[in-house]
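Notes for the one structure printed next.
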Amino acid sequence: MPAKTVNDIVALCKRRGFIFTGSEIYGGLGGAYDYGPYGVELMKNIRNAWWNAMIYSRNDVEGLDAALISNRLLWKYSGHEAGFSDPLVECKKCGTRMRQDKMKDQTKCDNCGSTEITEPRAYQLMMGLSIGATADGAINAYLRPETATTTYTNFKNVLDAKPHKLPFGIAQIGKAFRNEISPRGFVFRMREFEQAELQYFVHPTQDEQYHKMWMETRLAWWVNELGIPAEKLRFMPHEKLAHYAKAAVDIEYEFPDGFDEVEGIHNRQDFDLGSHTKGQKEFEIHANVLENKDSTTKLSYSDPQTGENFIPYVIETAMGVNRAMLAVMLEAYTEEDLGDGKSRVVLKLKPKLAPVKAAVIPLARNVPELLEIATNIENDLRKLAIGRIELENSGNIGKNYRRHDEIGTPVCITVDHQTMEDKTVTLRHRDSMAQERIAIQDVPKRILEIVNG
Ligand code: ATP
């Protein structure tokens with residue numbers, strides 16, 4: 001079988017309803033995708049795996065869901081308004097615009113090969129908004145380009161609502177928007193995407209220890225929860241550090257055309273809480289609400305035991321959920337030769353991530369008795385609340401198996417004529433295609449075993 005490519009995933013996503021081109025019927029919009037019935041399930045399951053690991057299985061992390069649109073000042077004081085840009089160059093011959101640091105060869109146009117390239121200029125990545133009935137349409141708000149900043153500005157709110165000793169964290173999953181110069185690689189680089197980010201607040205003397213801890217924890221999550229083999233993942237330290245970072249390491253996954261970033265783990269020191277503390281003070285002086293201009297910092301932490309007051313350091317883990325889904329699909333996608341000129345595509349997902357948990361299939365169509373038994377099994381499985389259950393009533397078992405192999409459904413339950421006699425059904429396993437015959441009454445227990453397996 002030929003090596004799999006991102007195009008195999010693009011085709012499967014469209015064919016089976018995982019991902020569609022955004023605004024498709026009007027010609028699309030670069031860097032925007034719509035998630036279909038199975039895509040939303042897979043995304044949700046990846047999010048849940050992250051939330052379970054980062055929040056429910058720990059006692060030191062709180063959840064947050066901040067607004068996607070925010071006051072301009074947030075992004076002024078975070079440093080994004082002045083500095084969140086990519087170097088844009090243009091080919092003087094064909095007009096192609098490129099992100100200089102991602103070009104194959106910075107002296108030649110990626111499109112036509114011309115060496116006549118403009119000097120780079122800083123291209124602002126944030127999407128500005130003009131909110132409310134402004135007179136001049138000036139930008140007074142931004143769509144957030146990351147979740148992190150909206151976590152920092154809520155640091156005090158969360159800590160006041162749920163006191164914690166350091167270290168503790170705040171986690172968010174949500175949309176982010178960047179006006180990328182050249183969206184590419186399907187959902188790898190989009191203009192609207194989703195992030196799952198943790199900001200972990202630590203004492204400044206413990207930053208290195210927790211940076212290391214989170215690198216190890218996150219890598220293990222990719223292997224154990226998403227099922228990505230360890231040899232397809234690696235750490236890549238940043239060559240050039242951002243001005244706020246003391247250390248930055250990416251987790252990279254080996255995509256078909258090479259290793260690329262899927263998550264960043266950064267030691268951001270006290271940069272963010274520090275600059276918003278400063279920003280807030282400036283804002284209050286400006287707005288004349290601050291009487292004492294020497295008031296103490298707002299986004300700081302007071303140690304209840306020692307009384308020490310300081311701005312914590314931040315260790316950030318920043319994952320792209322869409323990139324995680326792409327990696328998961330690439331890893332799971334398998335083309336199998338079944339002999340006799342037959343082959344199948346199967347998505348060997350971990351059952352916990354599978355969009356459909358089980359499909360119930362009456363062997364023949366238009367046989368009311370078979371359909372009734374199948375519907376009862378379907379209803380019993382729905383009561384387990386383990387996710388999506390489907391009933392197939394087309395009567396074409398081969399087609400049904402093929403469809404569920406491609407969607408990644410771990411198991412199909414077939415109801416046939418023997419079922420009416422002895423109340424047993426066939427379970428057909430996705431990966432091995434092995435079949436087992438079990439009593440109807442044992443189906444829910446067995447499905448639970450498989451899905452939690
Ligand atoms: P890149 O260098 O690829 O532009 P970045 O280093 O700016 O990414 P971060 O700001 O650290 O990325 O964002 C954290 C994560 O969010 C990335 O590891 C990636 O998985 C995801 N991400 C960032 N930009 C995009 C995008 N345009 N489309 C999809 N996912 C993205």
Side-chain angles (χ1 to χ4, degrees), residues 6 9 19 22 29-35 39 43 46-47 50 54 75 78-80 83-88 98-103 122-127 143-152 171-199 211 214-215 218-219 221-222 226 228 233-245 247-255 257-268 271-272 314-330:
V6 170
I9 306 302
I19 301 175
L29 177 72
Y33 287 92
D34 298 340
Y35 282 68
M43 285 290 277
I46 293 174
R47 262 183 233 125
W50 191 88
M54 304 301 266
W75 305 102
S78 71
H80 284 76
F84 193 56
S85 57
D86 279 337
L88 169 72
M98 293 156 287
R99 184 172 151 185
Q100 189 190 39
D101 60 324
K102 300 280 175 187
M103 286 168 77
Y123 177 84
Q124 171 57 261
L125 290 175
M126 278 198 300
M127 296 193 196
L143 281 170
R144 66 179 184 190
E146 58 170 33
T147 69
T149 288
T150 58
T151 298
Y152 304 135
Q172 276 204 72
I173 301 180
K175 288 271 174 99
F177 302 82
R178 295 182 190 177
N179 197 3
E180 296 280 355
I181 295 168
S182 36
R184 66 166 178 91
F186 193 35
V187 295
F188 182 85
R189 187 173 301 289
M190 300 194 279
R191 292 196 169 113
E192 173 183 337
F193 57 100
E194 199 170 302
Q195 291 185 314
E197 297 192 311
L198 165 75
Q199 313 304 319
H211 188 236
W214 278 111
M215 282 169 58
R218 293 302 306 146
L219 190 72
W221 182 87
W222 279 84
L226 296 191
I228 310 282
L233 297 164
R234 70 178 185 195
F235 287 125
M236 181 54 71
H238 285 202
E239 275 173 21
K240 239 175 71 192
L241 285 177
H243 59 282
Y244 54 76
V249 177
D250 290 338
I251 295 178
E252 293 190 338
Y253 166 73
E254 189 174 18
F255 288 92
D257 57 357
F259 276 96
D260 218 330
E261 172 181 348
V262 287
E263 173 159 352
I265 300 150
H266 314 126
N267 178 349
R268 302 179 65 116
F271 174 81
D272 306 276
V314 169
I315 307 300
E316 172 189 48
T317 75
M319 175 181 85
V321 187
N322 317 84
R323 282 189 196 177
M325 173 169 157
L326 183 58
V328 163
M329 289 191 82
L330 276 162

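Remember, it's 1-based here, ligands and their atoms both numbered in the order they're listed.
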- Answer with side chain, backbone, both or neither: which part of R189 has a heavy atom less than 4.0 angstrom from an atom of ligand 1? both

- Query: What heavy-atom pair brings V187 and I19 nearest, and what distance separates the two atoms?
  - Reply: CG1-CD1, 3.9 Å

- Message: Can you confirm, on distance only, whether ligand 1 has an N/O atom lying under 3.5 Å from any N/O atom belonging to G320?
- Response: yes

- Message: Looking at R178 and P145, would you say the former's side chain and the latter's main chain have a donor-acceptor pair under 3.5 Å?
- Response: yes

- Message: Using a 4.0 Å heavy-atom cut-off, which part of E146 comes near ligand 1: side chain, backbone, both, or neither?
- Response: neither

- Identify, by atom number and element, the atoms of ligand 1 in contact range of H266, meaning under 4.0 Å from any of its heavy atoms. 11 (O)

- Message: At less than 4.0 angstrom from any non-hydrogen atom of V262, what atoms of ligand 1 do you find?
- Response: 18 (O), 20 (O)

- Message: Would R178 count as being in polar contact with ligand 1, using the rule that some N or O on each side must be under 3.5 angstrom apart?
- Response: yes

- Message: The criterion is side-chain hydrogen bond (donor to acceptor under 3.5 Å, both in side chains); which residues satisfy it with R218, sequence neighbours excluded?
- Response: E263

- Message: R323 versus ligand 1: do any nitrogen or oxygen atoms come within less than 3.5 Å of each other?
- Response: yes

- Note the single closest protein heavy atom to atom 15 (C) of ligand 1, along with its residue, its atom name and the distance in Å. A318 O, 3.6 Å

- Query: Do any N/O atoms on M190 end up under 3.5 angstrom from N/O atoms on ligand 1?
  - Reply: yes

- Note on the structure: On a heavy-atom basis, the closest approach of Q195 and T147 is OE1-N, 3.1 Å

- Message: With nothing but distance in play, are any N or O atoms of E197 less than 3.5 Å from an N or O of ligand 1?
- Response: no

- Message: Can you report which non-hydrogen protein atom sits closest to atom 22 (N) of ligand 1, along with the distance?
- Response: F193 CE1, 3.5 Å

- Can the ring centroids of Y244 and H266 be said to lie less than 6.0 angstrom from one another? no

- Query: Are R184 and D257 within salt-bridge range, i.e. N to O under 4.0 Å?
  - Reply: no

- Going by the 4.0 angstrom heavy-atom rule, the piece of R99 near ligand 1 is side chain

- Query: Under 3.5 Å, is there a donor-acceptor pair between the side chain of R189 and the main chain of G31?
  - Reply: no

- Query: Residues two or more places apart in sequence or in another chain: which of them pass salt bridge (Lys or Arg N to Asp or Glu O under 4.0 Å) with E254?
  - Reply: none

- Give a yes or no answer on whether the side chain of R191 reaches the backbone of P183 with a donor-acceptor pair at less than 3.5 Å. no

- Query: Considering only the protein, which heavy-atom contact is closest to atom 12 (O) of ligand 1, and what is its distance?
  - Reply: E261 OE2, 3.5 Å

- Note on the structure: Check: of K102, E180, Q195, min heavy-atom distance to atom 16 (O) of ligand 1 comes from Q195

- What's the shortest distance from atom 29 (C) of ligand 1 to any protein heavy atom, and which residue and atom give it? F188 O, 3.1 Å

- Relative to the heavy atoms of E263, which atoms of ligand 1 are at a distance of less than 4.0 Å? 18 (O)

- Item | Qualifying residue, where the test is side chain to side chain contact (heavy atoms under 4.5 Å, CB included) with Y253 and the options are L226, L330, V328, L326 | L330

